[in-house]
Amino acid sequence: MSNAVLPTLAGLAWDVTTSPQFNTRAHRAMSGSEVRSASMVYPLWKFGLKYELLRNDNINNELKTLAGFFNARQGQFDSFLYSNPTDNSVTAQQIGVGDGVQTQFQILRDFGGYVEPVQNLNGAPSIFLNGALQSTGYTISATGLLTFTFAPAAGGAITWTGSFYYRCRFLSDALDLNQFMKNLFNLSKLEFIGSPMNKV
């Protein structure tokens, strides 16, 4: 499981696709009635990036940067981290309310009212109790589990501000690079799937 971050390259086009995906089993009886079973509580997010220009000359090396990153992951084999430009940080995100007993709280993020755990933090987050920044008295694990030395008082709102990554893997073992001029390439689609959690 790699912590390498997908590089940000100048040739990335605006044609970016994002698709949350669940896994539901549906069975329809002879009467037409359906029974459905949800296999996933949290979705996997599918991303599609398009690169209009990947240069390969003595000054610019976007082609080698991207191909090298893909090769180092061995295609689908290894995971990596992705900073989704439209969903990579939170401000004053509530993750719990103290009850005077509980000391552990999972870091979370809200996306349009849908809450998912965050297990890949980008840097050290800021932790607040009732709006007051906490500088000591807690630890945060590598998977975003916040543990207080002493349980927060009952009714105390626990919030955090910070950035996070998606943990992803490529959806193919091949990288289809197209050369359209000398030292100039493009890539019609780079697809990968991931989650704010460590699911892939």
Side-chain angles (χ1 to χ4, degrees), residues 1-8 16-25 36-49 69 73 76-171 191-200:
M1 187 165 67
S2 170
N3 286 326
V5 180
L6 182 70
T8 301
V16 176
T17 60
T18 305
S19 172
Q21 299 182 343
F22 287 91
N23 184 13
T24 302
R25 295 188 184 97
R36 292 178 299 280
S37 174
S39 301
M40 296 167 57
V41 176
Y42 302 107
L44 285 172
W45 293 78
K46 181 181 177 183
F47 299 96
L49 308 184
F69 185 88
R73 308 285 79 73
Q76 299 181 71
F77 175 71
D78 196 9
S79 67
F80 59 92
L81 299 176
Y82 172 58
S83 181
N84 180 2
T86 59
D87 181 29
N88 64 17
S89 64
V90 300
T91 301
Q93 169 69 60
Q94 184 165 321
I95 58 175
V97 177
D99 60 7
V101 177
Q102 184 177 353
T103 58
Q104 292 189 322
F105 301 84
Q106 177 63 47
I107 298 289
L108 307 168
R109 78 92 164 81
D110 181 301
F111 191 81
Y114 185 81
V115 178
E116 286 182 86
V118 169
Q119 295 183 324
N120 298 285
L121 295 169
N122 180 2
S126 298
I127 304 298
F128 300 84
L129 282 177
N130 281 330
L133 178 63
Q134 306 297 296
S135 56
T136 60
Y138 67 88
T139 59
I140 301 177
S141 75
T143 55
L145 183 63
L146 170 64
T147 302
F148 288 99
T149 306
F150 301 100
I158 303 158
T159 59
W160 78 288
T161 294
S163 300
F164 62 91
Y165 293 111
Y166 280 70
R167 180 163 296 282
C168 301
R169 72 163 175 85
F170 292 113
L171 285 176
E191 292 185 314
F192 49 94
I193 197 165
S195 166
M197 303 169 62
N198 290 327
K199 296 180 68 172
V200 299

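These numbers come from a predicted model, not from an experiment.
With a 4.5 Å cut-off on side-chain heavy atoms, Gln119 and Pro196 do not count as touching. A heavy-atom distance below 4.5 Å is not found between the side chains of Ser79 and Arg73. Under the 4.5 Å side-chain criterion, counting only non-hydrogen atoms from C-beta, Leu129 is in contact with Ile158. For the pair Ile127 and Phe148, the minimum side-chain heavy-atom distance is below 4.5 Å. Taking the side chain as every heavy atom from C-beta outward, Ile140 and Pro125 approach each other to under 4.5 Å. Inter-residue side-chain proximity for Asp87 and Arg109 is flagged as met; some heavy-atom pair is nearer than 4.5 Å. Contact check for Leu6 versus Leu81: no side-chain heavy atoms found under the 4.5 Å cut-off.
Geometric assessment of Arg167 against the ring of Tyr165 yields a negative cation-pi assignment under the 6.0 Å and 45° thresholds.
Between the Thr149 side chain and the Gly137 main chain, a donor and an acceptor come within less than 3.5 Å of each other. A donor-acceptor pair is defined here as one N or O able to donate and one able to accept, closer than 3.5 Å; no such pair exists between the side chain of Gln106 and the backbone of Leu146. The main-chain N or O of Ser2 is found under 3.5 Å from a side-chain atom of Asp78 such that the two form a donor-acceptor pair. When atom types are taken as modelled, the side chain of Gln93 and the backbone of Asp110 share a donor-acceptor pair closer than 3.5 angstrom.
Scanning all heavy atoms of the two residues, the minimum distance from Leu108 to Val118 falls at C-CG2, 3.9 Å. Heavy-atom minimum distance, Ser195 versus Lys199: OG-CD, 3.5 Å. Contact between Met40 and Tyr42 at its shortest, heavy atoms only, is CE-O, 3.3 Å.
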Evaluate the side-chain contact (heavy atoms from CB on, under 4.5 Å) criterion for residues Lys46 and Thr17: first the C-alpha distance (whole Å), next the side-chain angles of each, then the deciding distance (0.1 Å), finally the verdict. CA-CA 8 Å; Lys46 181 181 177 183; Thr17 60; over 6 Å; no
Please walk me through it: do Thr161 and Phe128 pass side-chain contact (heavy atoms from CB on, under 4.5 Å)? CA-CA 8 Å; Thr161 294; Phe128 300 84; 3.8 Å; yes
With side-chain contact (heavy atoms from CB on, under 4.5 Å) as the criterion, how do Ser126 and Leu133 come out once you've worked through the C-alpha distance, each side chain's angles and the decisive distance to 0.1 Å? CA-CA 7 Å; Ser126 298; Leu133 178 63; 3.8 Å; yes
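A donor and an acceptor atom, one from each side chain of Arg169 and Gln76, are located under 3.5 Å apart. A donor atom on one side chain and an acceptor atom on the other are found under 3.5 Å apart for Arg25 and Ser39. Trp160 and Gln134 share no donor-acceptor pair across their side chains, judged by distance under 3.5 Å alone. Using modelled atom types and a 3.5 Å distance limit, the side chains of Ser83 and Asn88 yield a donor-acceptor pair. If you check the side chains of Gln104 and Thr147, you find a donor sitting under 3.5 Å from an acceptor. When only modelled atom types and interatomic distance are considered, Asn198 and Asn120 share a side-chain donor-acceptor pair under 3.5 Å.
Aromatic ring centres of Phe80 and Phe192: separated by under 6.0 Å. Ring pair Phe77/Phe170: centre-to-centre distance not below 6.0 Å.
For the atom pair CD1 of Ile193 and CG of Leu171, the computed distance is 5.5 Å after rounding to the nearest 0.5 Å.
Partner of Trp45 under the ring-ring contact (aromatic ring centres under 6.0 Å, His included) criterion, chosen from Phe111, Phe22, Tyr82: Phe111.
Residue Phe150 qualifies as open at atom CZ: its count of foreign heavy atoms under 6.0 Å is 12 or below.
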